[in-house]
Structure formats: structure tokens, C-alpha cells
Engineer: 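Quick one: the structure is below, questions incoming.
The structure presented is a predicted model; accordingly, all values stated were derived computationally and were not measured.
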Amino acid sequence: MASVTGSSFAISSLSSSFNPNKAYLKTSSLSIKGISFPSLRLKPAARRFSISCAAKPETVDKVCEIVKKQLALPSDSAVNGESKFTALGADSLDTVEIVMGLEEAFGITVEEENAQTIATVQDAADLIEDLVAKKC
């Protein structure tokens, strides 16, 4: 049984053997400021295999520079892979101009359906690398 001082979270049953098809946490109960909540029965979660290939740092840096230029941001603005275009002040027209700048800089063509999936600098960089690889 495990608990935390103040608010507690009790674990009542743990599996002792490894079986990827079974949940390890079978039941749990929660108590907050003296109010107890009934035990919860947890179901096994489906296991998923995923591979994520991030774009090269050089690509991300080049996309950052293009975004700064298109949005007329100061050179010392903090733009990185996690930067969202909307958080940087881009509207839909700005996003179209960013995509056009990326197409020109990388010699690619971005289909409209792909362009609509781009929300961050990292999204753009990943898409660019995918399209460049398909060109070869």
C-alpha cells in the first residue's frame, strides 16, 4: 500500500509477474481531505508501438529563421521546435505565407491537406524532411 501525506492515493493490488496483456494496477482508492472515493477498477490499456523521427536540428533552425522572417519577428525572438505559429501571432494568411516561404527555401511543394496539419515549427520541419526524402 502506498500513500502520500496530506492527500493519499492507496494502491491495493499489484501484479507480481510481467504480462504485457494485463494491467498491473488492478484497483485503487482515493482519499482527499478526509473524503474517500470508492475503489476504481482499472482496465488493461492497449499496448501501442510508435516511432517518432524528429527533423534534423539544421532543418528546425532554418524553419525558425523563415518563420521569424515571415512574421517580422526580432532576431532575438525565442522561436524553437515547440513554437506554435498562433502563439507567435500568425493568422491563417501568415501561415500560408510561411508555407510558401518553406516551399521556396527547400524546393518542395506542400499539398493543402498537409499544410493544414502544420501547427508548430517542429511539424513544419518534420513535414519538410519527409517531402525532401520522397523527392530523392
Engineer: Among pairs that include at least one residue of residues 56-74, which meet salt bridge (charged side-chain N to carboxylate O under 4.0 Å, His left out), considering only residues two or more places apart or in two chains?
Structural biologist: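 Those involving residues 56-74 are E65-K68.
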Engineer: In the hydrophobic clustering (ILVMFWY, side-chain contacts below 4.5 Å, transitive), which residues join M100, or is it alone?
Structural biologist: V96
Engineer: Just list the side-chain donor-acceptor pairs under 3.5 Å for residues 71-86, sequence neighbours left out, or say none.
Structural biologist:
residue: S77; atom: OG; partner: P74; partner atom: O; Å: 2.9
residue: N80; atom: OD1; partner: E82; partner atom: N; Å: 2.9
residue: N80; atom: OD1; partner: S83; partner atom: N; Å: 3.3
residue: N80; atom: OD1; partner: S83; partner atom: OG; Å: 3.4
residue: S83; atom: OG; partner: N80; partner atom: N; Å: 2.8
residue: S83; atom: OG; partner: N80; partner atom: O; Å: 3.2

Engineer: Could you work out, with side-chain contact (heavy atoms from CB on, under 4.5 Å) as the rule, every residue matching N114, not counting sequence neighbours?
Structural biologist: V110, E111, L127
Engineer: What residues, two or more places apart in sequence or in another chain, satisfy side-chain contact (heavy atoms from CB on, under 4.5 Å) together with V132?
Structural biologist: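 V132: side-chain contact (heavy atoms from CB on, under 4.5 Å) contacts with I108, I128.
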Engineer: Are any side-chain N or O atoms of D126 and backbone N or O atoms of A54, one a donor and one an acceptor, separated by less than 3.5 Å?
Structural biologist: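 No, because the side chain of D126 does not come within donor-acceptor range (under 3.5 Å) of the backbone of A54.
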Engineer: Is the shortest side-chain heavy-atom distance between F106 and V63 below 4.5 Å?
Structural biologist: yes
Engineer: Do you know the tightest heavy-atom contact between I66 and A105?
Structural biologist: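 The pair with the smallest heavy-atom distance is CD1-CB, 3.5 Å.
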Engineer: Can you list the residues that meet the side-chain contact (heavy atoms from CB on, under 4.5 Å) rule with D91, with sequence neighbours excluded?
Structural biologist: L93, D94
Engineer: Any donor and acceptor pair, going by atom type alone, linking the side chain of D123 with main-chain N or O of A119 inside 3.5 Å?
Structural biologist: yes
Engineer: Let me confirm one number: the CD-CD1 distance from E103 to I98, rounded to the nearest 0.5 Å.
Structural biologist: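 Answer for the CD-CD1 pair, E103 versus I98, is 12.5 Å.
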